[in-house]
Amino acid sequence: MTFTVGEYLAERLVQIGLKDHFAVAGDYNLVLLDQLLKNKHWNQIYDCNELNCGFAAEGYARSHGAAMCVVTYSVGAISAMNSALGGSYAEHLPVLLVSGCPNSNDYGTGHILHHTIGTTEYAYQQEMCKQICVATESITQPFEAPEKIDRVIREMMLHQRPAYLEISCNVSGLECDRPGPLSELLPELVTDRKSLDAAVEAAAKFIGKSDNVVMLVGSKVRPAKAEKATVELADKLGCAVTIMAAAKSCFPEQHSGFRGAYWGIVSTGDAEKLVEDANKSGVLIQVGPNWNDYATVGWHAWPRGKNVLLIQPNRVQVDGRNYGGFTMKEFLKELAKKVSAAPKSAQGTKAPVLDIKASAPADKLTCDEMTRQINNLLTPTTTLFAETGDSWFNALRMNMPNGCRVETEMQWGHIGWSIPSGFGSAIGARDRQHLIMCGDGSFQLTCQEVGQMVRYQLPVIIFLIDNHGYGIEIAIHDGPYNYIQNWNYAALMPAFNGETGHGLGLMAKTAGELEDAIKKGLANRKGPTLIQCVIAQDDCTKDLLTWGKEVASTNARPPVINDF
Ligand SMILES: C/C(NCc1cnc(C)nc1N)=C(/S)[C@H](O)COP(=O)(O)OP(=O)(O)O
Ligand SMILES: [Mg+2]
């Protein structure tokens, strides 16, 4: 039995732990899909389109550690680039985008091929991908496959960022060597001990100079696999710990030091005062922050300067020095050993607690009541997806049981992401209850993947927030373009079910109807439940309005005219 190029790719990805991969068929990838199916240690999962396929892979990488999606040339791959590469790069996720590509005999012949842009060159796709991933390879001969496949996987795992691979449609089924051991795919970074020791020494001294130490945890602790090491340092220091909005659930909120989220004027709990005081006159330890325009509320809330110890995945900046040559995890673990055990008493009051009075069952459903009821569902094995929009603010104010995970896409911010990504995450972690909070505007971009949740019988509960339009945009800058055709979202489910599905579509216009719909959703284990939560168009969190106005004014800055 010959071992083929496609089987090599399958074996390598199964070796790094994948149990599933995602695909949309096309004539440039059918032979490859056949080869991937020969490997019985994983499943081939299908998507409705390539944008969703890329997001499903991104979601799988969130819950399972890495992912692959397979699409056809150009008409498939260029859609998938948005999600599988751009989004995954922005969100630090190891996703391999694989595209079938033209028959190797066509290269250099002047042939014009279908699905291309109609020129005689086919390298443009790989060139496009080079801009938004860490490694790309093109395979037109079987003998080059092992080295090129290993390289893209190795780079993707080392940098926790996406990579791109294309394979000629006449090569995937050709004979190929078998792979060597997995270890060469996952090289450990060589630690520069001298630099690590110097950085730890400097940081411990820096921290020791103040009795007002506050930690601020950012989203990069997750791709750096440093969440546990962050808790170890917090335990040793006994200091107050705050999180950035994009790092919701990256630090346990039942921890004695937890004090809320820092997000400038829309911070929760004591976080704003704690962070800004420490930045002014204490020590502010920032672990994996991503200070973009949204996180800094339009550049108005960006604590920087001489009192900051900045720890990034591969760099540490402290007291005017800059160190590299070790990982965040190594640095945090060594620092936890080094700092004095004298705990910096965790400042401020306890962590903020969601405090919303329950509505009466007959009351019209509100954003607060919906948030309260969803918050009551959270358990240590829940994964809550919060779509771009007011869902960010609703998730941020919820209380997280330790182990509960929140997924957001606050860097890429592609509306519609949560449905396909939630689908992929649920495939990758079938033992976790997946809840998705998705706005009506977002849902209209990628809702087809609810049909795939029906197909794979995933008991995902979708809270479709029907506020008749782009609420966040209306708050930032209103206009006719923020209003959408209002669908009967609950009525979609019978359509997605076809003859065989078990999806449930329910309408909730009152608090009681939502309670009842949630009960039905929790009981529905053989398919998704979509609950259309109808709320007033102007019913959004105060924080969204405050934040939106600031961001809008920053977006509106006039160009600086340099009159020389
Ligand atoms: C249109 C847009 N952003 C612009 C945008 C447009 N296209 C893509 C792919 N991504 C984007 N973020 C955004 S945030 C809408 O308010 C989302 O509306 P919805 O899902 O209904 O949520 P809210 O009502 O809570 O705002
Ligand atoms: Mg909306």
Side-chain angles (χ1 to χ4, degrees), residues 49-52 54-55 58 78-91 132 245-246 266 292-295 298 365-368 370-371 374 384-398 407-422 436-450 462-490 492 508-509 530-552 554-555:
N49 64 52
E50 288 84 352
L51 173 73
N52 289 358
F55 275 135
E58 187 258 27
I78 293 179
S79 288
M81 279 180 203
N82 177 339
S83 44
L85 299 184
S88 298
Y89 195 100
E91 302 294 327
I132 51 175
V266 290
N292 68 17
D293 50 346
Y294 275 13
L365 187 56
T366 64
C367 170
D368 276 355
M370 176 191 70
T371 302
I374 296 172
L384 172 66
F385 272 71
E387 180 61 79
T388 297
D390 203 24
S391 300
W392 281 351
F393 297 88
N394 288 326
L396 193 62
R397 56 180 178 152
M398 291 184 192
E407 297 289 358
T408 55
E409 197 203 31
M410 293 185 90
Q411 178 56 43
W412 194 237
H414 183 305
I415 58 169
W417 149 88
S418 64
I419 298 295
S421 183
I436 300 177
M437 293 193 295
C438 180
D440 48 354
S442 302
F443 186 78
Q444 293 195 2
L445 273 81
T446 57
C447 60
Q448 308 91 322
E449 242 49 28
V450 174
I462 301 162
F463 295 90
L464 188 287
I465 302 153
D466 177 2
N467 62 1
H468 290 35
Y470 295 160
I472 208 169
E473 302 292 8
I474 292 168
I476 294 180
H477 174 125
D478 202 5
Y481 31 74
N482 290 333
Y483 298 85
I484 58 178
Q485 174 60 31
N486 199 53
W487 294 356
N488 180 342
Y489 300 94
L492 284 172
K509 292 182 177 168
L530 184 148
I531 305 174
Q532 180 173 346
C533 302
V534 181
I535 63 174
Q537 186 167 77
D538 61 356
D539 181 6
C540 64
T541 59
K542 264 189 342 317
D543 286 345
L544 167 65
L545 296 173
T546 314
W547 175 85
K549 294 257 174 316
E550 292 292 331
V551 167
T554 298
N555 284 349

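Counting starts at 1 for both ligands and their atoms, following the listed order.
Using a 4.0 Å heavy-atom cutoff, G469 is listed among the residues neighbouring ligand 1. The shell of residues lying under 4.0 angstrom from ligand 1, judged by heavy atoms, includes E473.
Metal site remark for the Mg ion (ligand 2): G471 contributes no N, O or S atom at a distance under 2.8 Å.
No side-chain heavy atom of I462 sits less than 4.5 Å from a side-chain heavy atom of Y489. Residues V450 and F443 meet the side-chain proximity criterion, which asks for heavy atoms closer than 4.5 Å. Contact of the D478 side chain with the Y483 side chain is registered, since non-hydrogen atoms from C-beta on lie closer than 4.5 Å.
Closest to the Mg ion (ligand 2) among the N, O or S atoms of D440 is OD1.
Remark: among candidates G471, G548, C367, the nearest residue to atom 24 (O) of ligand 1 is G471, based on non-hydrogen atoms.
Of the protein's non-hydrogen atoms, I472 N, 2.7 Å is the one closest to atom 26 (O) of ligand 1. Protein heavy atom nearest atom 10 (N) of ligand 1, with residue, atom name and distance: I415 N, 3.2 Å. Looking only at heavy atoms of the protein, atom 21 (O) of ligand 1 is closest to D440 OD1, 2.7 Å.
Interface atoms of ligand 1 facing H414, defined by a heavy-atom separation under 4.0 Å, are 9 (C), 10 (N). Using a 4.0 Å cut-off to heavy atoms of G441, the atoms of ligand 1 that qualify are 19 (P), 20 (O), 21 (O). Within ligand 1, the atoms closer than 4.0 Å to a non-hydrogen atom of G413 are 10 (N), 11 (C), 12 (N), numbered from 1 in the order shown. Interface atoms of ligand 1 facing G439, defined by a heavy-atom separation under 4.0 Å, are 19 (P), 20 (O), 21 (O), 22 (O). Taking a cut-off of under 4.0 Å to the non-hydrogen atoms of S442, the atoms of ligand 1 that pass are 17 (C), 19 (P), 20 (O). Applying the 4.0 Å criterion to heavy atoms of G389 picks out, from ligand 1, the atoms 25 (O).
Considering all non-hydrogen atoms of both residues, Q532 and W487 come closest at NE2-O, 3.7 Å.
The O atom of G469 and the OD1 atom of N467 meet at the Mg ion (ligand 2) at an angle of about 90°, given to 10°.
Below 30°, between 30° and 60°, or above 60°: for W417 and F385 the angle between ring planes is between 30° and 60°, a tilted geometry.
Here CG of D440 is found 4.0 Å from CD1 of I484. Values are rounded to the nearest 0.5 Å.
For Y89 and W412, the distance between ring centers is not under 6.0 angstrom.
The one candidate from L51, N52, L492 that meets the side-chain contact (heavy atoms from CB on, under 4.5 Å) condition with Q448 is N52.
When non-hydrogen atoms are compared, ligand 1 lies under 4.0 Å from the backbone of D390 as well as from its side chain.
Any N or O atom pair closer than 3.5 Å counts here, and T388 shares no such pair with ligand 1.
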*Would E387 and S418 count as a side-chain hydrogen bond (donor to acceptor under 3.5 Å, both in side chains) if you check the C-alpha gap in whole Å, the side-chain angles of each, and the deciding distance to 0.1 Å?*
CA-CA 5 Å; E387 180 61 79; S418 64; 2.8 Å; yes

*Any chance you could lay out the side-chain hydrogen bond (donor to acceptor under 3.5 Å, both in side chains) test for T366 and D539, step after step, and finish with the verdict?*
CA-CA 7 Å; T366 64; D539 181 6; 4.7 Å; no

